[in-house]
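This structure is in structure tokens; I'll ask about it shortly.
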Amino acid sequence: MTTQDPRLELPRVQTPLPGPQSAWLFARHDRNLTGANADHHIYPLVEAGKRGHLIVDADGNTFADHMSAWGASPLGPTPPDVKAAMDAAWDRHGMQISGWLPNQAALGLVETLVGIAPGRLSRVEYSVSGTLAVEAAVKFMREATRRPLIITFGGQYHGESTYMTAGASSDLSNVSSGRTQYVSGVVMVPYPNRFRSPFRRGPGPFDECEVLDYLDYLLVQQVHPGQVAGVLIEPVLGEGGIHAPTQRFWDRLQALCRRWGWLLCLDEVQTCMGRCGTMFAMQRWNGIDPDLLLLGKAFAAGGQPIAAILGTDAVMAQTELHLGSTYGFAPAACAGAQAGIARILAGGVLENALELERIFHEVLAPLRVAVAQVGDVRAVGAMAAVEFVTDKASLRPAPALQYAVHHACLRRGVLGISQRGKWHYRLQPALTMPPAVFRHSCELIADAIHDVVQHPPTERSDVQDAVALAPR
Ligand SMILES: Cc1ncc(COP(=O)(O)O)c(C=O)c1O
């Protein structure tokens, strides 16, 4: 495609990866990085800057950016209005600890948030990252109910604090590898998954409410429901591979919450602010009425780090907890977040996210039938995944194939989200990515998949092996 509109520039990779300049930078700096950060096999390039929706590497290669800073840059490179709002707040306030010294920037954002908050959510606690927001929510739930236990769903991700990593994050194997301790107080059930049921063989669609049967009839035999403070759930599973429960699931989950007095806490760190084509992902269903809702990532609108815990009067009005951090709701971050919300409310952003969802399905869903190793294709707004299997009969996960497809995509100029040992490849572009650029990327992904399945890599005997043995 040739075009004069710079927004529609398409990616171009002209060197092997890493290119010579990126390789030189790795060689120069790796001895000063942690082992994990000096592992460049997943992303063999050094970003030199961004141009529209492209990442430009040190060798001049360009990649369509389907990572968008892991969702924290939802409007493309920080938009001028967000930047201008942050600059003005810097000039006025500099740094301030908003949880202790009230300031107009923080209070302005509280007012805006309460204005868009769904249901009974009317109170705001300040935070700085998704991890801290989750930790705070767990404390709020325990304080409000005077109960110790939290129910979570397997495959969710809640950040890197020691407690949540050990108890409820998708990196649970950290415990068995000795990096974190076992923790008490977190009870995990499988995430509702219509493609891959923990209870049945074969590909879905399954009735994912079976998970609630398990919770209702079996788990409560071990865990007294009266000891459960609340349920912590991602309304759309992000890191775990883009799963969206049905309306029936939400109705039944909320009925359980009402019956036992469990609080419902939605971790919308990854799904908030338009990511799923609605301001909050929960608005894709009817009647979800959370007690707590967590914001992060896109909430910053590509500006300074910021996160928030929204809660009801019942949970937050009488709390004695101070759960903000030094940098929570810093004035410039607040101003940027507010400009981001204004952008979404002005129109166009949510519609574009829904258009990206439509294009993803249109281009990639046919591969479910055409390619034996494409197990499932899922998209909810501008978060999307292709799940790879060795074959349709066994549905055995194919992490090596996913990894190979990711590299084939990179060579074609598509920078998506890939992790070792996972068998879904994900896209999380800016909500404002031009549909033509997105469609082009989807076509390149389809091409990469067709190419890789000609000679699929050998899968290891189990997924843990795949993590340990993936090339480094
Ligand atoms: C659902 C969810 N919760 C919490 C977090 C942690 O957020 P942060 O990395 O800002 O600490 C993430 C990060 O990916 C997330 O996806």
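Note that the coordinates shown come from a computational prediction; the quantities given were computed from them, not determined experimentally. Only heavy atoms go into these numbers, but all of them, side chains included; no hydrogens, no water, no symmetry mates. Counting convention: from 1, in listed order, for ligands and their atoms alike.
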Applying side chain to side chain donor-acceptor pair (under 3.5 Å) to D313 and not counting sequence neighbours gives S122, R123
Within the heavy-atom cut-off of under 4.0 Å, ligand 1 is lined by S129, G130, T131, Y157, H158, G159, E234, D267, V269, Q270, K297
Distance col, row D291:CG vs L310:CG, nearest 0.5 angstrom, shows 12.0 Å
Could you pull out every donor-acceptor pair under 3.5 Å between side chains of residues 104-118 and any protein atom, sequence neighbours left out?
| unit_1 | atom_1 | unit_2 | atom_2 | d |
| --- | --- | --- | --- | --- |
| T112 | OG1 | G108 | O | 3.1 |
| T112 | OG1 | Q338 | NE2 | 2.7 |

Hits for side chain to side chain donor-acceptor pair (under 3.5 Å) against S22, two or more places apart or cross-chain, chain-then-number order -> D59
* Asked: Is it true that the side chains of E135 and S161 contain a donor and an acceptor less than 3.5 Å apart?
  -> yes
| message | Can you see whether N352 engages T432 through a side-chain donor-acceptor pair at a distance of less than 3.5 angstrom? | response | no
